[in-house]
Number of protein chains: 4
Amino acid sequence: MIKVAIVGASGYTGVELLRLLLNHPQVEITCVTSRQNAGSPICSVFPSLMGRTNLIFDPVDVDLVSSRAEVVFTALPHKAAMEVVPDLLDAGCKVIDLSADYRLKQAAVYEQWYQPHTSGELLAEAAYGLPELNREQIKNARLVANPGCYPTSVALALAPLIQEGLIELTSLIIDSKSGTSGAGRSAKLGSLYCEVNEGFKAYGVASHRHTPEIEQTLSQLAGQPVEVCFTPHLLPISRGILSTCYARLLENRSTGELVALYEEHYADEPFVRIHSEGDLPNVAYVRGSNYCNIGMVSDSRTGRVIVVSVIDNLLKGAASQAVQNMNLMLGLDEGCGLQDLPLFP
Amino acid sequence: MIKVAIVGASGYTGVELLRLLLNHPQVEITCVTSRQNAGSPICSVFPSLMGRTNLIFDPVDVDLVSSRAEVVFTALPHKAAMEVVPDLLDAGCKVIDLSADYRLKQAAVYEQWYQPHTSGELLAEAAYGLPELNREQIKNARLVANPGCYPTSVALALAPLIQEGLIELTSLIIDSKSGTSGAGRSAKLGSLYCEVNEGFKAYGVASHRHTPEIEQTLSQLAGQPVEVCFTPHLLPISRGILSTCYARLLENRSTGELVALYEEHYADEPFVRIHSEGDLPNVAYVRGSNYCNIGMVSDSRTGRVIVVSVIDNLLKGAASQAVQNMNLMLGLDEGCGLQDLPLFP
Amino acid sequence: MIKVAIVGASGYTGVELLRLLLNHPQVEITCVTSRQNAGSPICSVFPSLMGRTNLIFDPVDVDLVSSRAEVVFTALPHKAAMEVVPDLLDAGCKVIDLSADYRLKQAAVYEQWYQPHTSGELLAEAAYGLPELNREQIKNARLVANPGCYPTSVALALAPLIQEGLIELTSLIIDSKSGTSGAGRSAKLGSLYCEVNEGFKAYGVASHRHTPEIEQTLSQLAGQPVEVCFTPHLLPISRGILSTCYARLLENRSTGELVALYEEHYADEPFVRIHSEGDLPNVAYVRGSNYCNIGMVSDSRTGRVIVVSVIDNLLKGAASQAVQNMNLMLGLDEGCGLQDLPLFP
Amino acid sequence: MIKVAIVGASGYTGVELLRLLLNHPQVEITCVTSRQNAGSPICSVFPSLMGRTNLIFDPVDVDLVSSRAEVVFTALPHKAAMEVVPDLLDAGCKVIDLSADYRLKQAAVYEQWYQPHTSGELLAEAAYGLPELNREQIKNARLVANPGCYPTSVALALAPLIQEGLIELTSLIIDSKSGTSGAGRSAKLGSLYCEVNEGFKAYGVASHRHTPEIEQTLSQLAGQPVEVCFTPHLLPISRGILSTCYARLLENRSTGELVALYEEHYADEPFVRIHSEGDLPNVAYVRGSNYCNIGMVSDSRTGRVIVVSVIDNLLKGAASQAVQNMNLMLGLDEGCGLQDLPLFP
């Protein structure tokens with residue numbers, strides 16, 4: 001059994017990593033840290049895990065973590081992550097970082113959207129952990145930057161169109177909607193039940209920090225700079241992201257032709273499912289799983305294609321994608337421990 | 001007291017008309033019809049109204065209705081509406097029709113998206129009941145076509161930009177999200193609690209019947225044909241529509257300039273509220289009221305403006321807008337009976 | 001117009017008092033305080049009220065409040081209330097206190113469940129503000145203790161049975177369920193959307209602070225001490241309380257007989273609605289209104305009666321009951337400003 | 001691989017059986033029937049299963065089913081089940097019936113609460129499929145009657161108290177709350193999203209058909225007839241049951257003593273988890289799993305114990321308990337295929 005640690009496990013991504021790794025047949029969780037819950041049994045913080053682990057939250061201590069684990073998941077906020085990742089690497093651990101700190105290739109771009117970067121030298125090395133686009137690099141990485149939730153939903157939705165050169169790159173509009181677990185488990189007024197329930201709003205319009213990450217990935221796919229107009233919204237559900245992506249087709253393609261293109265593009269991908277013509281995804285179809293479902297419509301009237309993708313923001317958008325990356329890094333079967341079917345209803 | 005009737009009052013729009021009109025100081029409800037509930041007390045179908053009315057649902061009978069009421073709200077499905085509206089007009093009633101049957105000016109367009117029209121001769125006469133755009137015509141109408149919920153949210157969001165000629169008309173993308181009451185009160189699998197709850201999906205992509213209505217209004221505002229790419233989504237909330245509208249600005253305008261434009265444009269409108277720069281609407285801010293809230297952001301990076309509008313789909317998107325139209329038709333104060341503040345939380 | 005103030009108006013009860021009083025025809029809001037939001041426009045904290053008030057939150061200052069208003073609603077947490085109520089009374093204001101501080105008649109009981117009482121001398125004078133049980137005393141009071149939400153739902157559900165001596169007093173079990181707005185608007189982990197949504201739990205079992213208030217009211221009705229087994233639960237809805245009350249009948253009564261008894265008992269009450277035999281209330285039937293709906297079943301197999309009552313916890317359980325009390329204290333029509341019909345769906 | 005069939009798989013229990021059995025390492029699904037969906041691919045009805053099965057719904061045909069499978073899950077409504085179960089048994093299949101048809105031991109009681117029984121002779125033979133109470137009989141059964149959801153939650157909550165003789169049997173009151181999936185997947189007005197959302201109600205008061213099943217189990221545990229006052233309620237969540245059970249203690253026991261008793265009683269049970277003193281269950285702690293969590297409080301003031309249990313109504317209350325029963329019948333490890341951890345949030 002491979003020894004793994006989770007650093008910063010008291011949030012919603014943390015409990016999902018725990019849930020997945022406790023059932024993973026090839027690994028053993030040996031260390032779980034939390035600044036705020038250090039000393040508490042994991043099951044007192046997450047009663048859903050009762051009876052399945054006796055682990056206690058440790059304080060965040062790089063030496064402790066690296067002495068106990070070969071692979072470390074860092075599920076910390078950005079900035080906090082880069083305070084521990086270099087030391088974990090130096091201590092010989094493989095690291096899958098779920099923060100934003102190592103996703104952008106250029107420190108300057110990072111610093112424009114976040115704050116100064118203290119280990120910019122690692123950016124070149126870090127593999128961007130979207131297996132469908134970057135599998136080989138991930139396999140050989142010691143540091144994987146696990147993608148953001150919105151960027152995962154958008155990259156998988158648009159990759160075939162961009163790689164095939166079918167769309168006008170300046171026409172991209174991405175209207176995304178995320179469940180509330182994306183806002184994290186900290187006690188903020190805006191995340192209260194009564195503030196979110198029966199409500200719906202846009203936020204971070206023209207300024208969300210996932211924008212440069214989306215643009216970086218799409219630019220790589222296009223081989224030229226791509227800018228997107230990206231608008232996230234807050235859904236009154238616990239989990240799930242749906243991205244509605246709009247682009248002008250350079251020449252007319254029917255919905256059927258586009259579906260066929262996507263089916264071929266993703267034919268070997270175990271976690272991407274393409275909807276038939278006339279059928280579109282619902283976030284409920286992927287809840288609790290590592291799947292990304294994609295559907296599309298060609299709007300011949302306006303010359304546009306509308307691509308809709310859904311993921312579980314805590315899973316393919318965070319924890320299960322991290323486990324998929326771990327499997328690749330360790331040479332395990334890529335889907336090991338990730339076979340849960342979506343929970344419906 | 002002016003005598004009013006509601007034809008087809010057993011749906012969600014019907015109960016909202018009942019709620020508003022029972023408290024309206026200038027009218028008296030004298031007749032309420034329902035095919036399926038004829039003979040039942042209204043309060044047995046809608047216990048929320050207990051103690052406030054003893055009315056019984058009548059069968060749908062034009063003679064009965066017109067003998068009892070001067071003003072009639074028809075809250076029937078499209079097609080069913082045009083089977084009664086001409087007779088109600090002939091009997092001398094003023095009619096506010098909440099269906100789609102009299103909203104489109106051209107029978108040919110109607111027939112392309114719906115089915116054959118049996119009283120196309122009334123289309124020219126019918127006033128499109130969006131007071132903010134069409135107040136004078138409504139005042140003199142005997143037939144008002146109450147706008148669709150999505151078209152209301154979109155027309156109010158885009159009117160200032162289009163009238164001022166600030167945007168590229170071919171660039172319009174409208175991503176709308178509606179609460180589930182918009183799907184009506186009929187027992188359909190897709191409207192079941194467990195099918196909708198914790199879910200989110202797009203539907204009617206590139207084919208929703210509100211598209212021609214939106215285009216008709218925007219074309220009138222623009223003075224030239226406008227096509228839109230319109231994508232509705234189903235929100236797991238009971239009421240509320242949020243429309244996120246995207247357009248390319250012909251020349252750069254700051255968010256502040258655009259907010260000022262909207263504030264001026266709607267300065268005299270009692271039911272339109274503009275959010276300050278940095279602030280955006282939430283459907284929860286208008287729940288239970290006749291308000292439309294609008295906010296916007298100018299995305300200088302991509303040269304686009306994003307306008308977000310919210311309404312309560314059952315109120316400004318249906319019942320309270322119908323009462324607003326009635327007030328205008330009867331020469332009453334436009335806001336009479338519509339002063340309810342939004343219910344938050 | 002009577003001048004009124006709201007002290008501590010930044011919570012959910014506060015915004016409901018604002019909503020009701022802004023539309024009340026006989027009063028004018030002249031002062032609204034909030035420790036945390038002092039200096040901010042009310043509409044920036046509660047955008048639902050945009051366009052309807054220009055008031056700014058003032059700091060909590062008794063002199064300021066009493067110089068501006070004749071009637072004061074104190075919507076503070078317990079303990080904070082008794083720090084201002086005596087001074088407001090001394091300054092000549094009538095006070096409706098929505099906290100728990102003046103509900104219990106005996107300081108010793110208060111101190112057992114809360115903390116030391118600093119103005120116990122006012123307890124005898126304070127009128128318990130449940131109009132259906134205590135109307136005359138309220139009319140003459142200068143201090144009204146507005147009842148708790150659970151106690152209101154329970155007292156109205158059980159008063160007829162207890163006053164008629166139909167039940168075994170030692171057999172009372174009360175299983176209550178409350179919407180999440182009852183937990184207030186402070187940023188606590190347990191009130192986060194993802195902690196509450198799709199969840200349900202009991203809390204405060206055998207220890208909830210509303211227990212002595214319930215027992216005090218039922219004891220007064222019974223003319224002897226009554227103890228109850230009271231279990232509250234947290235519902236994943238924004239508003240509403242449903243209490244399921246169980247008692248052994250001393251002698252057999254049919255459901256029909258009991259319904260008739262309740263109808264007679266509450267025949268003159270404008271805000272209590274009794275369901276017919278075979279019909280039971282839903283919290284959705286009273287949402288947004290001052291109503292309490294009550295239904296019941298006699299279970300002849302087990303010799304028990306089950307009474308179910310529903311209220312909107314923010315309204316009949318707090319804000320609208322406070323306005324009802326104000327109306328009584330001022331000699332206004334009791335239902336003035338409280339005619340909103342429930343919002344369904 | 002053991003061949004299994006699911007008869008009547010187009011409801012919510014059906015899709016959960018599919019989800020569990022598709023991932024079960026010892027079985028292969030060979031036949032899935034549905035009257036209404038016969039001929040359709042399973043994945044078109046349940047897109048959550050896309051990519052994991054190519055099965056097509058067959059019509060309900062006993063010969064077909066029994067020719068393809070050794071073990072059959074019948075997930076039909078009551079009455080429809082007894083039309084196929086005898087023939088499946090005659091054909092040599094082992095049957096796990098999820099309907100109510102074989103749960104009650106006495107045909108007369110069944111007929112009082114349901115309708116005439118056409119295979120009453122099987123009632124004596126059928127094993128009541130609650131492994132924690134009846135494991136040995138289940139192992140040897142060819143027909144298992146899978147318990148109802150409410151009865152499962154109640155029996156596990158009360159078994160230790162009743163078996164130890166600690167409570168007054170005439171004092172039992174059970175206040176249960178169920179998620180909406182318990183109402184099934186048929187298109188009924190009362191199950192519509194807008195009817196359930198933001199609502200809460202009691203239903204079937206003193207008349208719910210699970211009452212005799214609860215009483216049968218508790219009577220067997222007590223060795224004497226037990227009657228309960230049982231009140232179910234409808235929760236606005238998709239899945240989960242919480243039962244709050246009230247009983248008078250014959251002699252005083254502290255919460256700690258009772259917790260210790262439960263921990264000992266269920267020490268060897270893999271799917272029952274007991275909460276420590278001061279801690280109580282939430283339906284969210286078991287969502288998506290086969291667990292039953294139980295917590296309790298001794299209310300010394302009123303001499304009662306309050307026991308709270310939670311299960312996922314579709315899993316321990318239906319599908320996963322059926323798989324647990326299958327495992328026992330086939331001599332497999334009891335928890336095989338049931339190791340999913342609860343999904344939180």
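Sequence lines set the chain letters: A, B, ... in the order given, protein chains first and strands last, and positions in each chain run from 1. Any value given below was found using the heavy atoms of this structure, including those in side chains, with hydrogens, waters and symmetry copies removed.
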### Message
According to side-chain contact (heavy atoms from CB on, under 4.5 Å), who are the partners of B:Ala155, at least two apart in sequence or on a separate chain?
### Response
B:Leu130, B:Leu133, B:Thr217
### Message
Does anything in residues 174-186 of chain D reach chain B? List residues with heavy atoms under 4.5 Å apart, or say none.
### Response
D:Thr180, D:Ser181, D:Arg185, D:Ser186
### Close approach to chain B in residues 187-209 of chain D, criterion heavy atom under 4.5 Å
D:Ala187, D:Lys188, D:Leu189, D:Ser191, D:Leu192, D:Tyr193, D:Cys194, D:Glu195, D:Val196, D:Asn197
### Query
Which residues, numbered in order, of residues 39-58 of chain B come under 4.5 angstrom of chain D by heavy-atom distance?
none
